[in-house]
Amino acid sequence: RSIVEKTRVAYTNNDIDALTFFNMEYTWVLKRLEELDLEQTQWENSLALQTMLALPVENGFSPVERQEPHIDTKER
């Protein structure tokens, strides 16, 4: 985001042309959309895992706790 701010200042000072400024803004928007898409996918995957494992949800998120498998050592 700081690069976009620097390009905005450069554009205001006529150090870069409009197309360069537009391309920088457009690239930042695309990267932000990609980031949001990855966050959404992460939440969807978390919800799917919680649903499959029947985990309770607290505050909108329930971390999966790793549990060691129980091994029965009694002889039969």
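None of the values given here were measured: they were computed from a predicted structure.
- When the shell of 6.0 Å around CZ of F21 is examined, it contains more than 12 heavy atoms from other residues, nucleotides or ligands.
- The local environment of CD in E5 is crowded, with over 12 non-hydrogen atoms from other residues, nucleotides or ligands closer than 6.0 Å.
- For residues 12-29, the set of pairs meeting the salt bridge (charged side-chain N to carboxylate O under 4.0 Å, His left out) definition, not counting sequence neighbours, comprises R8-E25.
- Hydrophobic cluster membership of V9, counting Ile, Leu, Val, Met, Phe, Trp and Tyr whose side-chain heavy atoms lie under 4.5 Å apart directly or via other members: none, as it forms a cluster of its own.
- If you chain together ILVMFWY residues whose side-chain heavy atoms come under 4.5 Å of each other, M24 ends up grouped with I3.
- Closest approach of V4 and W28 over heavy atoms only: CG2-CB, 3.4 Å.
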Donor-acceptor pairs under 3.5 angstrom involving side-chain atoms of residues 31-40: please list them, not counting sequence neighbours.
{"residue": "R32", "atom": "NH1", "partner": "E35", "partner atom": "OE1", "Å": "3.0"}
{"residue": "Q40", "atom": "NE2", "partner": "E44", "partner atom": "OE2", "Å": "2.8"}

- Message: Does S46 form a side-chain hydrogen bond (donor to acceptor under 3.5 Å, both in side chains) with Q50? I'd like the steps, not just the answer.
- Response: CA-CA 6 Å; S46 176; Q50 291 171 17; 3.1 Å; yes

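- Alongside F22, the hydrophobic cluster contains Y26, L30 (criterion: ILVMFWY side chains under 4.5 Å).
- Between T7 and I16, the shortest heavy-atom contact is O-CD1, 3.5 Å.
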